[in-house]
**Student:** 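Before we start, here is the structure in question, set down as structure tokens.
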Amino acid sequence: MIDAARIKTLNDDEPDSSGGYVLYWMQHSQRAYFNHALEHAVRLANDENEPIIVGFGLMTDYPEANERHFAFMLDGLCETAERLSERGIKLVVMRGNPDEVALKLARSASSVVCDCGYLRHQRQWRERVASGAGRRVVQVEADVVVPVDCASDRAENAARTLRPKLRRQWQAFLGDLREIEPVKSSLGLEVKGDIDPRQPEAVLESLDVDRSVTRVDRFRGGTGEARRLLSRFLKTGLAGYQDARNDPSNPQCSNLSPYLHFGQISPVEIARKTLAAKSGTGKDRESFLDELIVRRELAINYVVHERNYDAYRSLPAWARRTLDDHKDDPRPHRYTRSELESAETHDRYWNAAMNEMRKTGYMHNYMRMYWGKKIIEWTNTPEYAFSTALYLNNKYFLDGRDANSYANVAWLFGLHDRGWPERDVFGKVRYMNDKGLERKFDIDAYVDWVEKLPEV
């Protein structure tokens, strides 16, 4: 059963009885398993005694995407195509803006089902499809535990204000999702894309994309790999997670953020398996679920309610004011964006963090905080620090260009935080220093590990 709160009709059009299939426009939820939008589309197709086509628009000039991101995504789409085919469902992948691809495929569809995207351009795509499809368009929210509108109708100030709202509801949205087989196969339909998702290497080679950041070996895309990492984490990483999760020298993390970013695994599936896990304590599970649900869905709340989430002016007024008061303070060190990107600073801990990002597409969360705080300290203005942190974040992280990216960068500058004792450069915005790393962790072990990573 799919909870009705996940389902939203986006227009007033009726289904088109002349259509030959139900279209599931899959854009954000790039998976064939535990996908509420997909299962709703299958049920709808079965009710109408029609096959289901899954359509995906591959946009080679997607904002800030590069080879690293495309390689990971294509790995996942290959697996998704194979699994859908096993269920008698064709995946049609076309080059082009996703909304244009969806509208093209919708011409022969009776109804359209789509998943939910939260960034500005993703919402605009869905608005254009809803207004131009000429048949009913239904959106199913498949990549959060608690649907956004159920969680809160306003921008939340901090995790502490959203947490109780989510906790009151999340158990109701953690039900199982049963797969239903389509009554009609779509594999024989004459609906073709111009990309074969089962040939990810050939597709990647053929795409005209930014090659300045290469693919990584640390992560391989796909639901199967996400499930493997989750299983390993629940067996070996959940026990002690509450205390160990912040230690970059001995990381005890799930490493699932890239898979969540590309919709290759459902947060509901992760939460259900975490609650059923036999390892760890109640506090460990609570701490992990707080990261998975509260922190992640706070970021989504931010981008939904703050139109300028990617701009410095979106920061809280108190934070901008205190940073402006200190913008002319002497900086102990100043670096250009190029020097930062090349990890050419005096700080070996910071350089290690930057190199982990460059080499692997990932960085331990505690080091992400330290990394970002030092960009504020070492650049000429807070505005330039903001744009630099966001630029590097989105360029190198596999999970960049995500609601979490925008909220986490803004957090560095005071979002979802409070004022702290005033100091140079930062004003009342939270400060971090290398002494904290040395006091809390074996930070030299982290640096040594990064230095042994192969160059890319």
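If you're wondering where the values come from, they're calculated on a predicted model, not measured in any experiment.
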**Student:** Is it true that Tyr62 and His121 have ring centroids separated by less than 6.0 Å?
**Tutor:** yes
**Student:** Okay, side chain of Lys359, backbone of Leu453: is any donor-acceptor separation there less than 3.5 Å?
**Tutor:**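 Flag set: sc Lys359 to bb Leu453 pair under 3.5 Å.
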**Student:** Measuring only between side-chain heavy atoms, which start at C-beta, is Leu84 closer than 4.5 Å to Leu38?
**Tutor:** yes
**Student:** Under the 3.5 angstrom rule, does the side chain of Gln30 hit a backbone N or O of Gln264 as a donor-acceptor pair?
**Tutor:**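 It does not hold such a pair.
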**Student:** Between Asn35 (side chain only) and Ser29 (backbone N and O only), is there a donor and an acceptor less than 3.5 Å apart?
**Tutor:**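 Yes, because the side chain of Asn35 sits within donor-acceptor range (under 3.5 Å) of the backbone of Ser29.
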**Student:** Do Asn255 and Phe233 have side chains that get closer than 4.5 Å, going by heavy atoms?
**Tutor:** no
**Student:** Asp247 versus Gln252: any side-chain heavy-atom pair under 4.5 Å?
**Tutor:** no
**Student:** Could you check whether the rings of Phe262 and Phe72 sit parallel, tilted or perpendicular, using 30° and 60° as the cut-offs?
**Tutor:** tilted
**Student:** What distance separates Ser279 OG from Leu234 CG, expressed to the nearest 0.5 Å?
**Tutor:**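 If we round to the nearest 0.5 Å, Ser279:OG and Leu234:CG are 6.0 Å apart.
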**Student:** With rounding to the nearest 0.5 angstrom, report the CG to CD distance, Asp3 to Gln169.
**Tutor:** 10.0 Å
**Student:** Tell me whether Trp25 contacts the main-chain N or O of Ala102 through its side chain, where contact means a donor paired with an acceptor under 3.5 Å.
**Tutor:**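 No, Trp25 side chain to Ala102 backbone: no donor-acceptor pair under 3.5 Å.
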**Student:** Using side-chain heavy atoms (C-beta onward) and a distance below 4.5 Å, is Gln122 in contact with Gln27?
**Tutor:** no
**Student:** Is there a ring-ring contact (aromatic ring centres under 6.0 Å, His included) between Phe413 and Phe386? Walk through the geometry before answering.
**Tutor:** CA-CA 8 Å; Phe413 296 78; Phe386 183 94; 5.4 Å; yes
**Student:** Please indicate whether Arg307 has more than 12 foreign heavy atoms, meaning atoms of other residues, nucleotides or ligands, lying under 6.0 Å from its CZ.
**Tutor:**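 Count not over threshold, so no.
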**Student:** Whether Asp290 and Arg285 form a salt bridge (side-chain N of Lys/Arg under 4.0 Å from carboxylate O of Asp/Glu) is what I want to check.
**Tutor:** no
**Student:** Go through the steps for Phe34 and His36 under the test ring-ring contact (aromatic ring centres under 6.0 Å, His included), then give the verdict.
**Tutor:** CA-CA 6 Å; Phe34 218 103; His36 295 84; 5.8 Å; yes
**Student:** Check this for me, if you would: do Glu356 and Arg218 make a salt bridge, where the nitrogen-to-carboxylate-oxygen distance has to be below 4.0 angstrom?
**Tutor:**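 A salt bridge links Glu356 with Arg218.
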**Student:** Does Ser111 reach the side chain of Leu44, with side-chain heavy atoms less than 4.5 Å apart?
**Tutor:**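 Side chain of Ser111 against side chain of Leu44, heavy atoms only: contact under 4.5 Å found.
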**Student:** Using a 3.5 Å distance criterion without hydrogens, assess whether the side chain of Arg68 forms a donor-acceptor pair with backbone atoms of Phe397.
**Tutor:**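 Pair absent, no side-chain N/O of Arg68 close to backbone of Phe397.
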**Student:** Taking NZ, NE, NH1 and NH2 as the nitrogens, is one of them in Arg220 or Asp75 under 4.0 Å from a carboxylate oxygen of the other?
**Tutor:** yes
**Student:** Show your working on side chain to side chain donor-acceptor pair (under 3.5 Å) between Ser206 and Arg95 and close with a plain yes or no.
**Tutor:** CA-CA 11 Å; Ser206 71; Arg95 285 180 173 87; 3.3 Å; yes
**Student:** Would you please test Arg6 and Val268 for side chain to side chain contact (heavy atoms under 4.5 Å, CB included) and show each step?
**Tutor:** CA-CA 12 Å; Arg6 294 190 182 278; Val268 177; 3.6 Å; yes
**Student:** Would you say that more than 12 heavy atoms from the other residues, nucleotides or ligands in this model lie under 6.0 Å from the CG of Asp196, or not?
**Tutor:**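 It does: Asp196 CG has more than 12 such atoms within range.
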**Student:** Check the pair Ser387, Leu390 against side chain to side chain contact (heavy atoms under 4.5 Å, CB included), reporting the backbone distance first and the verdict last.
**Tutor:** CA-CA 5 Å; Ser387 66; Leu390 197 55; 5.9 Å; no
**Student:** Take atom NZ of Lys273 as the centre, draw a 6.0 Å sphere, and report whether it contains more than 12 heavy atoms from other residues, nucleotides or ligands.
**Tutor:**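 It does: Lys273 NZ has more than 12 such atoms within range.
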**Student:** Would you compute the distance between atom CH2 of Trp371 and atom CG of Leu340 and round it to the nearest 0.5 angstrom?
**Tutor:**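 Those atoms lie 9.0 Å apart.
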**Student:** Please confirm whether the backbone N or O of Ala37 pairs with a side-chain atom of Asp115, one donor and one acceptor, at under 3.5 Å?
**Tutor:**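 Not a single qualifying donor-acceptor pair exists.
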**Student:** Answer yes or no: is there a side-chain heavy-atom contact under 4.5 Å between Leu256 and Leu230?
**Tutor:**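 Yes - at least one pair of side-chain heavy atoms lies under 4.5 Å apart.
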**Student:** Evaluate Tyr391 against Lys395 for side chain to side chain donor-acceptor pair (under 3.5 Å), listing each step before the verdict.
**Tutor:** CA-CA 6 Å; Tyr391 164 79; Lys395 181 174 181 178; 3.1 Å; yes
**Student:** Charged N to carboxylate O under 4.0 angstrom, Glu225 versus Arg228?
**Tutor:** yes
**Student:** Under the salt bridge (charged side-chain N to carboxylate O under 4.0 Å, His left out) criterion, do Arg83 and Glu179 qualify, and how do the steps go?
**Tutor:** CA-CA 12 Å; Arg83 172 56 182 147; Glu179 287 187 3; 2.6 Å; yes
**Student:** CG/Asn404 to CD/Glu297 distance, rounded to the nearest 0.5 angstrom?
**Tutor:**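 Result: 10.0 Å between the selected atoms.
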**Student:** Does the distance from a Lys or Arg side-chain N to an Asp or Glu carboxylate O, for Glu291 and Arg245, drop under 4.0 Å?
**Tutor:**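 Salt bridge flag = yes for Arg245 with Glu291.
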**Student:** To the nearest 0.5 Å, what is the distance between CH2 (Trp125) and SG (Cys114)?
**Tutor:**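 Output value for this atom pair is 12.0 Å.
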**Student:** Are more than 12 heavy atoms from other residues, nucleotides or ligands located less than 6.0 Å from atom CZ of Arg160?
**Tutor:** no
**Student:** Does atom NZ (Lys8) have a neighbourhood of more than 12 heavy atoms from anything else shown, all under 6.0 Å?
**Tutor:**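 12 or below, so no.
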**Student:** Please list, one pair per line, the donor and acceptor atoms closer than 3.5 Å that link side chains of residues 46-60 to other protein atoms, with sequence neighbours excluded.
**Tutor:**
unit_1: Asn46; atom_1: OD1; unit_2: Val183; atom_2: N; d: 2.8
unit_1: Asn46; atom_1: ND2; unit_2: Glu181; atom_2: O; d: 3.1
unit_1: Glu50; atom_1: OE1; unit_2: Ser110; atom_2: OG; d: 2.6

**Student:** Mark yes or no: Arg123 above the aromatic ring of Tyr118, with NZ or CZ under 6.0 Å from the six-membered ring centre and no more than 45 degrees from the axis.
**Tutor:**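 No, a cation-pi geometry is absent between Arg123 and Tyr118.
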**Student:** Could you check Val42 against Ile89 for side chain to side chain contact (heavy atoms under 4.5 Å, CB included), going step by step and ending with a plain yes or no?
**Tutor:** CA-CA 9 Å; Val42 172; Ile89 301 172; 4.2 Å; yes
**Student:** With a 4.0 Å cut-off, would you call Glu39 and Arg87 a salt bridge?
**Tutor:** yes
**Student:** Please report the interatomic distance OH(Tyr33) to CG(Leu177), rounded to the nearest 0.5 Å.
**Tutor:** 13.5 Å
**Student:** Could you tell me how the ring of Trp449 sits relative to the ring of Tyr446: parallel (under 30°), tilted (30 to 60°) or perpendicular (over 60°)?
**Tutor:**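 Ring orientation of Trp449 relative to Tyr446: tilted.
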**Student:** Checking Ser85 against Arg198 for the side chain to side chain contact (heavy atoms under 4.5 Å, CB included) test, could you report, in this order, the C-alpha distance in whole Å, the side-chain angles of both residues, the deciding distance, and whether it holds?
**Tutor:** CA-CA 11 Å; Ser85 181; Arg198 299 195 196 196; 2.9 Å; yes
**Student:** Ser287 versus Tyr241: any side-chain heavy-atom pair under 4.5 Å?
**Tutor:** yes
**Student:** Assess whether a salt bridge exists between Glu201 and Arg215, defined as any Lys/Arg side-chain N lying under 4.0 Å from an Asp/Glu carboxylate O.
**Tutor:**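 Yes, charged N to carboxylate O under 4.0 Å.
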**Student:** Using 4.0 Å as the upper bound for N to carboxylate O, is an ion pair formed by Glu79 and Arg31?
**Tutor:** no
**Student:** Flag the pair Arg135 and Asp13 as a salt bridge only when some basic side-chain nitrogen lies within less than 4.0 angstrom of an acidic carboxylate oxygen.
**Tutor:** no
**Student:** Using a strict threshold of under 4.0 Å (side-chain N to carboxylate O), is an ion pair present between Glu306 and Arg120?
**Tutor:** no
**Student:** Counting only heavy atoms not in Asp194, do more than 12 fall under 6.0 Å of its CG?
**Tutor:** yes
**Student:** Can we say Glu341 and Arg358 salt-bridge, meaning some charged N sits less than 4.0 Å from an Asp/Glu carboxylate O?
**Tutor:** no
